[in-house]
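Here is the naming used below: chain letters follow the sequence lines, and residue numbers restart at 1 for every chain.
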Amino acid sequence: MYNDFDRRAFLKVGSLSLFGFIGYGDVLRLRAQSPAPAKRDIAVIHLLLSGGISQMDSWDPKPDADSKYRSQFKPIETNVSGIRISEHLPMTATQADKFVIIRSMTHKLVSHESALALICSGHEPLGTIQFPAMQAVVSKELGPRTDLPPAVSIPSVTGSWEKSGFLSTKYNPFNAGNPNADGYKVRDLDLPMGVDWSRMDRRRSLLALVDDEFRRLDTSGISESMDSYYQTAFTLMHSAQAKKAFQIENEPENVRDRYGRTSLGQGVLLARRLVESGVRFVTVSRGFNVYDHHKNIFPLLQNTFLPELDRAYSALLEDLHQRGMLESTIVIVTGEFGRTPEINAGGGRDHWPSAFSLAMAGGGITGGRVYGSTDDKGGFVKDNPVQVADLAATLYRKLGIDPEKEYISNIGRPVKIGNNGKLLEFLMV
Amino acid sequence: MGVKDTYQHDESEITLKPAGEVIIPKIKKRVDPKYLDGPGEKEQLDEDVREKLARWITAPENPWFARAIVNRVFKHYMGRGIVEPLDDFRVTNPPTDEALLAALAKDFVTHGYHLKHTIRMILNSRAYQLSSVPNETNRADTLNYSRYYVRRLLAEELIDSMAVVTGVTESFPGYMPGTRAMTIPEGAPTYFLQTFGRLKAREVICERDNSSDVAQAMHLISGQTIQNQITGKDGTLDHWLADKSLTDEEITRRLFMATLVHPPTDREVAQVTAAIQSGGGNATARRQAFEDVLWTIFNSKAFIFNH
């Protein structure tokens with residue numbers, strides 16, 4: 001069932017194949033023989049298309065639908081015969097052998113906030129329980145791998161759904177800021193002018209004396225979590241590795257251009273750098289609700305949203321593949337729901353959770369496939385429906401986290417982190 | 001109410017429409033305003049409908065308003081609401097102490113809805129004044145206020161407290177220099193306020209998250225806000241340093257008393273004076289050493305948390 005293979009083994013294989021000694025068939029054979037998976041080595045990059053991108057105009061074209069529903073965009077062929085996507089994803093089309101398109105994602109939540117909570121946690125939100133986002137669970141279960149925090153959101157979390165819920169806030173993702181900004185720097189990462197480390201160390205030793213007194217009062221765990229924030233902060237500030245990881249300006253100009261000089265493009269590039277330096281879960285968004293195209297959807301998608309996504313996503317897959325990182329990095333592209341097949345009076349499409357698409361690549365998943373399908377308008381799932389909980393449970397399994405594990409929630413009720421989701425076998429191969 | 005977007009990012013102008021009716025878009029039908037529990041009222045054009053609504057909400061017959069407000073005030077000072085979460089008053093989420101909530105609500109109504117009265121009563125209560133140091137019998141309690149529950153100062157409280165201590169003016173864009181953050185009606189005009197949980201304009205109050213995180217720690221450690229506060233000229237520190245009658249020990253003691261409300265320990269004083277000496281004992285070394293004391297205090301849990 002679990003047959004991802006060791007990253008190091010892959011790198012070895014990769015370098016051998018450079019000299020032509022070994023072909024892809026051999027890789028597959030080696031994969032079958034490879035020992036227990038290096039569970040902790042898989043990272044996740046989630047391109048969170050907050051607002052809900054239209055499935056008909058991106059991953060699930062319906063060129064034969066009635067004009068009331070039909071996209072203005074034509075489908076194009078990809079590098080995998082039979083798989084067709086929107087004409088405004090041409091670079092992505094050349095990478096189709098690397099990803100699976102799930103066209104049968106489905107749920108019932110029509111508000112952004114609830115649906116985002118579901119997509120990020122695998123649980124439908126409740127009034128009483130604040131479920132932790134997957135990135136927070138990953139932080140808790142796997143911890144940091146290097147000086148960098150285990151979970152990072154670029155530019156910042158889009159809302160509470162990316163946070164730790166009923167878990168300690170120390171599992172909240174770290175906000176990296178917008179790497180497309182001129183002179184990008186992580187805020188407050190450097191010491192202020194006129195303060196060097198020897199002075200900061202003096203301050204810290206005095207702080208340790210003063211804080212000592214307070215620890216005695218505290219039974220709520222505040223001291224412990226505050227200490228962990230200060231620990232994380234000082235580790236980051238001290239770390240040459242962390243500083244280097246955030247220095248996106250060290251990327252060659254042509255690489256930066258290839259990803260696109262947009263906040264999404266540079267965000268995705270920064271995500272690659274962070275994963276390379278040991279971050280486990282990176283969420284890249286373009287801000288809250290920007291794909292909520294109730295009006296003028298076609299010009300918006302055609303002029304801005306699809307081209308920048310196309311550039312950023314295809315660059316990432318290409319780059320991860322070339323660096324031998326794709327096998328150990330899962331890349332997910334999805335919003336919180338899809339959009340109505342019917343085009344509204346304002347030339348837009350409205351919220352639609354009954355069917356939407358999700359693209360997933362890497363982490364040992366065989367690309368070049370489509371899973372599930374929708375009816376002739378793209379509005380309802382025809383076969384192989386996939387619930388978000390199934391996706392969450394499968395993702396946890398791939399990361400080496402037991403989806404059956406129970407947390408005690410804020411109201412004392414035990415909650416399975418994988419929300420009883422079914423294992424999606426097609427993502428395990 | 002009408003909402004008009006303005007040219008400024010993230011800001012809208014809220015205006016009062018002359019009439020309170022709504023049109024149901026699908027059937028184009030006009031609906032007059034109506035109370036939740038009673039008949040519709042014909043509005044007079046010269047009256048602000050919000051005033052009518054306010055009267056209805058605060059009518060002594062309305063059992064919900066007083067309970068909701070006193071619960072919020074109670075949580076603000078006690079760290080936990082009698083009903084928690086604050087906005088979940090459904091029967092499935094009963095108060096931890098119905099008698100207490102009912103008594104507070106009744107008292108609030110009979111005293112003419114004066115928040116100050118309720119606040120004064122809470123602050124004078126034995127429960128509020130209990131020590132936060134846990135003992136064997138109340139260590140596990142997180143519901144019954146058997147000890148004071150430690151809580152982080154709000155964004156506004158933190159920055160205002162710092163400015164009071166340092167005597168260095170803090171500025172908020174769009175407001176007069178020296179404005180207290182606590183008096184800013186809405187929005188989070190600085191990064192400090194934002195990152196410590198103040199909401200942006202038009203965000204819903206129950207979304208406010210006053211927990212701590214790494215970004216806050218980093219901003220307290222090396223952010224410009226604290227740096228300005230501790231290095232700012234002509235504040236309390238400069239006055240004390242210029243006062244020849246004050247020894248280094250005395251200045252240290254004053255800084256501790258003004259912030260942590262207890263004198264420094266001998267070890268703490270020793271560390272401060274050692275830092276001054278190792279810096280050469282001159283004016284710069286003195287100032288830097290006391291800047292370091294201020295930094296330490298502003299980063300200390302005893303300062304950041306109400307306890």
What do the steps show when you test B:Y145 against B:F74 for ring-ring contact (aromatic ring centres under 6.0 Å, His included), and what is the final call? CA-CA 11 Å; B:Y145 313 100; B:F74 198 77; 5.1 Å; yes
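- With a 4.5 angstrom heavy-atom cutoff, B:S300 touches chain A via backbone and side-chain atoms both.
- Looking at A:I411, there are no atoms closer than 4.5 Å to chain B (heavy atoms on both sides), in backbone or side chain.
- When heavy atoms are compared at a cutoff of 4.5 Å, B:I304 approaches chain A solely by way of its side chain, counted from C-beta outward.
- There is no contact between B:Q216 and chain A, counting heavy-atom distances below 4.5 Å.
- Contacts of B:Q227 with chain A are made by side-chain atoms alone, with heavy-atom separations under 4.5 Å and no backbone atom involved.
- With a 4.5 angstrom heavy-atom cutoff, B:Y148 does not touch chain A via any of its atoms.
- A cation-pi arrangement is found for A:R187 relative to B:Y191, the charged atom lying closer than 6.0 Å to the ring centre and inside a 45° cone about the ring normal.
- Cation-pi check for B:R151 over B:F305 is not met; the charged atom does not lie both under 6.0 angstrom from the ring centroid and within 45 degrees of its normal.
- Other residues, nucleotides and ligands contribute over 12 non-hydrogen atoms within 6.0 Å of the NZ atom of A:K243.
- For a residue to count as touching a neighbouring chain, one of its non-hydrogen atoms must lie under 4.5 Å from one of that chain's; by this rule A:F174 touches chain B with the side chain only.
- Contacts between B:D88 and chain A at a heavy-atom distance below 4.5 Å involve the side chain alone, from C-beta outward.
- Residue B:I226 does not touch chain A at all, counting heavy-atom pairs closer than 4.5 Å.
- Cation-pi geometry between A:K140 and A:Y407 is met: the NZ or CZ atom falls under 6.0 Å from the ring centre, inside 45° of the normal.
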